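Each chain gets a letter, A, B and so on, in the order the sequences are listed, and its residues count up from 1. Since the model is a prediction, treat every value here as computed from it, not as a measurement.
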2 protein chains.
Amino acid sequence: MLDAAIDVIAEAGPAAISLRDLARRAGVSHAAPAHHFGDKAGLLTAIAAEGQELLADRLHEAHRRSGGDFLEVGVAYVRFAVEHRAHFEIMYRPELHRPDDPAVIAGRTRAGAVLYRGASERGPGRSADEVRTAGLAAWSLVHGFATLWIHGALPEGLGDDPEAAARTVARHLGVSPG
Amino acid sequence: MLDAAIDVIAEAGPAAISLRDLARRAGVSHAAPAHHFGDKAGLLTAIAAEGQELLADRLHEAHRRSGGDFLEVGVAYVRFAVEHRAHFEIMYRPELHRPDDPAVIAGRTRAGAVLYRGASERGPGRSADEVRTAGLAAWSLVHGFATLWIHGALPEGLGDDPEAAARTVARHLGVSPG
DNA sequence: TACGGGAACTTGTCAGTGCCTAGTTTGTGC
DNA sequence: GCACAAACTAGGCACTGACAAGTTCCCGTA
């Protein structure tokens with residue numbers, strides 16, 4: 001059921017999803033999805049929670065494999081967004097799900113921890129506030145790049161490899177002037 | 001009619017909009033909106049085109065007033081997103097409108113020109129490719145910051161002034177290492 | 001083995017929606 | 001005065017999410 005939902009969202013966007021269509025695809029009655037998830041927001045909340053956990057896993061793994069290289073964590077963020085586009089879109093659309101759901105909050109906290117750990121390891125000699133805003137800058141950059149890439153808003157000529165393009169662009173995150 | 005649509009989107013998101021509800025608010029029959037805009041996508045396309053023009057105006061003005069300071073153009077981008085949240089959300093949701101609409105393309109081209117002009121004036125001694133990716137980095141950063149701010153995904157403690165926060169964060173866009 | 005309970009699911013219904021077609025009003029230029 | 005077009009209305013169709021009530025089936029317990 002969740003898999004079918006993710007397929008639909010990935011190909012037609014979150015607005016195109018219908019509980020009844022999912023039920024048809026799964027070969028069950030039209031009320032079965034509501035039975036499991038409560039309502040439509042419940043279904044999307046489940047997807048958001050799954051996405052947060054998945055993102056946290058990916059960021060954690062990238063942090064470990066790269067030895068704490070923040071650039072690689074950012075690239076992993078973009079890769080997650082492109083590969084799990086449906087999850088990504090739902091996660092950052094709080095009006096479609098329940099952002100105060102415990103499972104969603106838990107995943108978001110875990111993912112956020114990796115992002116901020118990467119930022120704090122990046123410049124050890126800087127103030128706490130600098131570290132914080134540097135992390136926000138990096139997050140903003142990769143998040144913006146991912147959403148622009150997904151929505152096809154970026155200009156042509158970047159190639160078809162989002163990771164390589166993200167790596168190139170993210171290198172422009174320089175040291176802070178204070 | 002467009003104003004009513006923007007109010008609804010701003011307070012409940014693009015998914016909550018209904019042609020019939022808009023008609024009720026405007027005191028006309030349920031088919032009147034469809035008559036003017038063709039269909040729902042037509043209405044949202046009109047909003048997207050209006051938003052692109054508005055964004056282009058804002059960026060152009062910020063570029064002029066700041067003497068070409070790219071940071072200020074980025075801050076204007078964030079300000080536009082926060083102040084015209086409904087327009088901004090529709091503009092970057094191509095599955096909800098018709099991104100190939102001539103009016104939309106015209107506005108997008110005009111807005112893009114300001115963004116890239118700001119980037120190219122930033123470092124005159126750099127290669128064309130560096131200028132291009134620097135512009136993309138800046139755009140990604142302010143776009144990401146704006147969307148995260150709008151969706152309430154940023155951590156607390158940033159205050160309630162998105163422009164000041166954006167200015168602080170965007171300063172982390174340093175020089176490119178190549 | 002009989003049974004009670006609960007989870008999974010079905011059936012039916014309701015208000016609401018987008019879109020379509022046909023008809024009606026209203027304003028304008030000739 | 002009138003043709004014409006734009007603006008709008010009225011009604012219907014297939015669809016949606018949500019809700020209420022009933023059904024099936026499995027599993028632990030006596």
Side-chain angles (χ1 to χ4, degrees), chain A residues 1-51 86-87 89-104 151, chain B residues 1-51 86-87 89-104 151:
Chain A
M1 179 76 74
L2 281 176
D3 292 345
I6 285 161
D7 286 347
V8 174
I9 297 173
E11 67 187 46
I17 206 165
S18 144
L19 293 180
R20 291 172 111 100
D21 181 51
L22 291 182
R24 276 192 294 272
R25 288 167 188 254
V28 292
S29 79
H30 70 264
H35 171 74
H36 288 284
F37 299 104
D39 56 5
K40 194 175 184 175
L43 169 70
L44 298 179
T45 299
I47 292 176
E50 193 179 68
H87 286 99
E89 293 205 49
I90 298 297
M91 285 160 58
Y92 289 103
R93 210 148 300 179
E95 78 274 14
L96 294 182
H97 67 279
R98 282 184 270 271
D100 55 346
D101 181 87
V104 173
H151 294 138
Chain B
M1 179 75 76
L2 281 175
D3 292 345
I6 284 161
D7 286 347
V8 173
I9 297 172
E11 66 188 45
I17 205 164
S18 143
L19 293 181
R20 292 170 111 101
D21 182 50
L22 291 182
R24 275 191 296 271
R25 288 167 188 254
V28 293
S29 79
H30 69 266
H35 172 73
H36 287 285
F37 299 104
D39 57 5
K40 193 175 185 176
L43 169 69
L44 298 179
T45 299
I47 293 176
E50 193 180 67
H87 286 99
E89 293 205 49
I90 297 298
M91 284 160 59
Y92 289 103
R93 210 148 301 177
E95 78 274 14
L96 294 182
H97 66 278
R98 284 185 268 271
D100 55 345
D101 182 87
V104 173
H151 293 138

Does His35(B) place a side-chain N or O at less than 4.0 Å from the phosphate oxygens OP1/OP2 of dC8(D)? no
Given atom NE2 of His30(A) and atom C1' of dT10(C), what is their separation to the nearest angstrom? 8 Å
Phe37(A) atom CZ is separated from dC9(C) atom P, nearest whole Å, by 11 Å
Ile17(B) pairs by side-chain contact (heavy atoms from CB on, under 4.5 Å) with which of Ile90(B), Leu22(B), Leu96(B)? Leu22(B)
Please classify the nucleic acid contact of Leu43(A) as base, sugar-phosphate, or nothing, using heavy-atom distances under 4.0 Å. nothing
Nearest whole angstrom, please: distance from the P of dC14(C) to the CG of Asp39(A). 22 Å
For Lys40(A) and dT16(D), what is the distance between atoms NZ and P respectively, to the nearest whole Å? 9 Å
Side chain proximity check, Leu19(A) to His30(A), heavy atoms < 4.5 angstrom: no
Taken to the nearest whole Å, NE2/His36(A) to C1'/dC9(C) is 7 Å
Specify the closest pair of heavy atoms between Pro94(B) and His151(A), including all atoms of both residues, with the distance to one decimal. CG-O, 3.6 Å
Could you tell me the separation between the CG atom of Leu19(A) and the P atom of dC9(C), rounded to a whole number of Å? 15 Å
Any Ser18(A) side-chain N or O less than 4.0 Å from OP1/OP2 of dC15(D): no
Short N-O contact, Asp39(A) and Arg98(A), less than 4.0 angstrom: yes
Tell me whether the OP1 or OP2 atom of dC9(C) has a side-chain N or O from Ser29(A) closer than 4.0 Å. no
Which part of the nucleic acid does Ala32(A) contact within heavy-atom distance under 4.0 Å: base, sugar-phosphate only, or nothing? base
Any base atoms under 4.0 Å from Ile17(B), or only sugar-phosphate, or nothing? Heavy atoms, all strands. sugar-phosphate
Grab the CZ-C1' distance between Arg20(A) and dT17(C) for me, whole Å please. 13 Å
If you assign Arg24(A) and Ala31(A) each to the DNA chain D nucleotide with the nearest heavy atom, which residue ends up on the more 5' nucleotide? Arg24(A)
Do Leu2(B) and Phe37(B) touch side chain to side chain, with heavy atoms closer than 4.5 Å? yes
